[in-house]
Amino acid sequence: MFTKRTRTKSVIGVTVEIHSTGSEGLCYYSAEPWLGWTTVKPLPVYEVPFYLQANQTNKLWFPGIQTGTTWKAKVECPVGGVDYCNPTY
């Protein structure tokens with residue numbers, strides 16, 4: 001599975017880092033806003049494809065403004081299965 005997902009702050013977006021502990025292949029990242037926004041609800045992302053190598057890190061960048069929202073995030077890979085987390089961006 002995955003050790004962690006971290007974020008990098010940016011004025012114009014969010015970079016999600018996905019660290020593999022053995023998972024690999026053509027993977028998919030999905031995230032839905034869960035709680036914490038104060039004005040307009042952020043838009044979800046579904047099944048964003050990316051290639052992950054075993055024991056490596058992949059970065060996904062998403063445009064937008066960070067709102068302090070907690071997300072329901074999911075990473076699915078053919079080797080390693082499905083992993084869930086609740087990052088705040």
Side-chain angles (χ1 to χ4, degrees):
M1 294 312 266
F2 308 93
T3 54
K4 62 180 178 175
R5 266 96 24 242
T6 58
R7 67 185 168 104
T8 303
K9 292 183 177 181
S10 172
V11 176
I12 58 169
V14 173
T15 300
V16 177
E17 294 182 3
I18 301 167
H19 305 278
S20 167
T21 58
S23 296
E24 63 183 336
L26 179 60
C27 303
Y28 297 92
Y29 178 85
S30 298
E32 296 178 331
W34 189 21
L35 55 92
W37 62 89
T38 56
T39 55
V40 177
K41 183 177 180 179
L43 295 175
V45 294
Y46 296 107
E47 297 186 0
V48 176
F50 67 98
Y51 187 79
L52 186 63
Q53 295 180 356
N55 304 308
Q56 299 294 317
T57 299
N58 195 306
K59 295 180 181 181
L60 302 174
W61 181 80
F62 296 96
I65 299 171
Q66 294 186 29
T67 60
T69 299
T70 299
W71 295 76
K72 291 182 184 178
K74 175 174 74 170
V75 177
E76 298 177 82
C77 291
V79 176
V82 179
D83 191 33
Y84 298 90
C85 68
N86 299 110
T88 300
Y89 302 119

Taking only residues two or more places apart in sequence or in another chain, which ones pass side-chain hydrogen bond (donor to acceptor under 3.5 Å, both in side chains) with Ser30?
-> none

Which residues satisfy the side-chain hydrogen bond (donor to acceptor under 3.5 Å, both in side chains) test with Gln53, sequence neighbours excluded?
->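 Expected list: none.
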
Mind checking side-chain contact (heavy atoms from CB on, under 4.5 Å) for Asn58 and listing every partner two or more places apart, or none if nothing turns up?
->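 Counting only residues at least two positions away or on another chain, Asn58 forms a side-chain contact (heavy atoms from CB on, under 4.5 Å) with Phe50, Leu52, Leu60.
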
Can you name the salt bridge (charged side-chain N to carboxylate O under 4.0 Å, His left out) partners of Lys72, sequence neighbours left out?
->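 In terms of salt bridge (charged side-chain N to carboxylate O under 4.0 Å, His left out), with neighbours along the sequence ignored, Lys72 is linked to no residue.
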
Pro78 and Gly25 have their tightest heavy-atom pair at CG-CA, 4.0 Å

What distance separates Ile18 CD1 from Cys77 SG, expressed to the nearest 0.5 Å?
->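 So the CD1 of Ile18 and the SG of Cys77 are separated by 7.5 Å.
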
Hey, what do you get for CD (Glu17) to CH2 (Trp61), rounding to the nearest 0.5 Å?
->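 So the CD of Glu17 and the CH2 of Trp61 are separated by 15.0 Å.
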
Transitive ILVMFWY cluster of Tyr28 at side-chain heavy atoms under 4.5 Å: who else is in it?
-> Leu26

Co-members of Trp34 in a cluster of I, L, V, M, F, W and Y side chains, linked at under 4.5 Å =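 Via sub-4.5 Å side-chain contacts, Trp34 links to Leu35.
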
Side chains of residues 37-49: which donor-acceptor partners sit under 3.5 Å, not counting sequence neighbours?
residue	atom	partner	partner atom	Å
Tyr46	OH	Glu32	OE2	2.7

